[in-house]
There are 2 protein chains.
Amino acid sequence: MAGARLDPIDRKILAELQADGRMTNVELAKRVGISAPPCLRRVRTLEDAGLIKGYHADVDARELGFEVQVFAMVGLASQAESDLSAFEERCRAWPLVRECHMLNGEVDFILKCVAPDLSSFQSFLTGHLLTTPNVASVKTSLVIRGAKDDPGVPFDVLEARLQTSA
Amino acid sequence: MAGARLDPIDRKILAELQADGRMTNVELAKRVGISAPPCLRRVRTLEDAGLIKGYHADVDARELGFEVQVFAMVGLASQAESDLSAFEERCRAWPLVRECHMLNGEVDFILKCVAPDLSSFQSFLTGHLLTTPNVASVKTSLVIRGAKDDPGVPFDVLEARLQTSA
DNA sequence: GGTGAAACTTGGGACAG
DNA sequence: CTGTCCCAAGTTTCACC
């Protein structure tokens, strides 16, 4: 299983840094139960291995003026690989599109978008998304309210799994 | 407009910490063009005001053994406020559900879920999600591949807006 | 907003199990 | 290849202007 080559200390480090990415190394070392230098070496190794892809401040989008969050389900006319990647490339270039995932089923992509207000989202929709070549259908759903938005991964599930498979 | 009470230095701080949340305060101060102590004061103020909600390491879910990512569209039988919040409360308790957003339109909620593999997602689906009271319909879509997953907010859009409205 | 100084943290080197 | 101990350089964070 993936993740099994990490020892319990590495997993604890990842869990702690996922919960608080600005913790100092000495605090982190204390929490995972080793001294600071090996702890820092482990963090660097995890970063270099790509297990830690980065650190980000979690900014309040609404307070900053992004009042609108929208999910858009996009269907393409052609699902040839070159057309799929062309659409993905477009999504990467649009700043209002924060996430783009290719899905199975009737819809090809789901996009998570933010915008300062409804009208700027509408102008993105009609002016950019709906006019890109090969886009056959777009269904949008406004987020009325957010109930949960946890970044990352549930480490407790991982630990439980490793336990029962041991 | 919200976000307007922040001066350009505050916005730069937020943008920098969103891009690299582990940057040292002196590096941050250098980038935003002030000295370290006032920079730290601003960061603390932004944290206390809730504009910075936290800092998180971005961990590679796949490498850690969470191979499966699924979007679930959930419709409820009753949309009374107490039933909506009861469902939200359930979602908060499920570790596999990372995000839960209430939507407008035909579907009531969209859930973003992760799981170690398809079978553990299926057992969550049949054993928990589909059996919770008031859940009328669930449509799931597997993520085939991720094309973009940027955390946070597009600060360049914000700056452009503030510029034209000035 | 800046300065200086004390306390703390980082991250390297030497070394033990 | 782990870990611990120690130390210099750099960072945080205070009081004060």
Side-chain angles (χ1 to χ4, degrees), chain A residues 1-60 63-65 152 155 158-159 162-163 165-166, chain B residues 2-60 63-65 152 155 158-159 162-163 166:
Chain A
M1 187 205 301
R5 56 212 136 83
L6 298 166
D7 71 10
I9 296 181
D10 285 326
R11 294 197 302 272
K12 191 101 204 293
I13 287 175
L14 291 171
E16 293 290 344
L17 286 179
Q18 181 177 277
D20 178 5
R22 266 214 132 188
M23 195 182 302
T24 66
N25 183 59
V26 298
E27 173 66 18
L28 179 61
K30 201 190 320 175
R31 293 197 187 200
V32 304
I34 58 178
S35 65
C39 183
L40 184 62
R41 272 197 299 259
R42 280 165 179 269
V43 172
R44 293 283 175 268
T45 306
L46 292 168
E47 287 168 357
D48 294 345
L51 263 121
I52 297 176
K53 293 187 286 183
Y55 302 89
H56 306 283
D58 182 9
V59 161
D60 190 315
E63 282 294 315
L64 251 169
F155 277 94
L158 184 64
E159 295 300 335
L162 292 172
Q163 223 146 75
S165 73
Chain B
R5 55 213 137 83
L6 298 167
D7 70 8
I9 296 182
D10 285 327
R11 294 197 302 271
K12 190 100 204 296
I13 288 174
L14 291 171
E16 293 289 343
L17 284 180
Q18 181 177 277
D20 177 6
R22 267 215 129 186
M23 195 182 300
T24 66
N25 183 59
V26 299
E27 174 67 18
L28 180 61
K30 201 190 317 174
R31 293 196 187 200
V32 305
I34 59 179
S35 63
C39 182
L40 184 63
R41 278 198 295 261
R42 280 167 179 267
V43 171
R44 292 282 174 268
T45 306
L46 291 168
E47 287 169 356
D48 293 346
L51 264 120
I52 296 174
K53 293 186 287 182
Y55 303 89
H56 307 283
D58 182 8
V59 161
D60 190 313
E63 282 294 315
L64 251 170
F155 277 94
L158 184 65
E159 295 301 334
L162 292 171
Q163 215 140 80

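We name chains A, B, ... by the order of the sequence lines, and we start the count at 1 in each one. When reading the values below, keep in mind they use all heavy atoms of this one structure, side chains included, and skip hydrogens, waters and symmetry mates.
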Sugar-phosphate or base contact per nucleotide [nucleotides 5-17 of chain C; S, B, -; heavy atom under 4.0 Å]
----SBBB-----
Among residues at least two apart in sequence or on other chains, which ones pass salt bridge (charged side-chain N to carboxylate O under 4.0 Å, His left out) with B:R41?
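For B:R41, no residue satisfies salt bridge (charged side-chain N to carboxylate O under 4.0 Å, His left out) once neighbours in sequence are set aside.
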Extract all donor-acceptor atom pairs below 3.5 Å that involve side chains of residues 48-59 of chain A and protein atoms in other chains or at least two apart in sequence.
from  : atom 1 : to    : atom 2 : distance (Å)
A:Y55 : OH     : A:E47 : OE2    : 2.7
A:H56 : ND1    : B:Q18 : O      : 2.7

Listing request: all salt bridge (Lys or Arg N to Asp or Glu O under 4.0 Å) pairs with a residue in residues 13-24 of chain A, at least two apart in sequence or in separate chains.
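Passing the test, one end in residues 13-24 of chain A: A:K12-A:E16, A:E16-A:R31.
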Roughly, in whole Å, what's the span from NZ in B:K30 to C1' in D:dT12?
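That distance rounds to 15 Å.
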For A:V32 and A:R42, what are the C-alpha separation, side-chain angles and deciding distance, and is it a side-chain contact (heavy atoms from CB on, under 4.5 Å)?
CA-CA 11 Å; A:V32 304; A:R42 280 165 179 269; over 6 Å; no
Under 4.0 Å, heavy atom to any atom of DNA chain C: which of residues 49-57 of chain A qualify?
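The answer is none.
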Once you round to the nearest 0.5 Å, how far does CD1 of A:I34 lie from CD1 of A:I9?
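Going from the CD1 atom of A:I34 to the CD1 atom of A:I9 covers 5.0 Å.
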N/O (side chain, A:S35) to phosphate O (OP1/OP2, D:dG3) under 4.0 Å
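No.
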Report for the helix from C:dG1-D:dC17 to C:dG17-D:dC1: angle between first-end and last-end helix axes, five pairs each, rounded to 10 degrees.
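Taking five pairs per end, the axes differ by 30°.
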Closest non-hydrogen atom pair, B:A36 against B:N25
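Of all heavy-atom pairs spanning B:A36 and B:N25, the closest is O-ND2, 3.1 Å.
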Flag side-chain contact, heavy atom, 4.5 Å: A:L46 against A:L6:
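A side-chain contact under 4.5 Å exists here.
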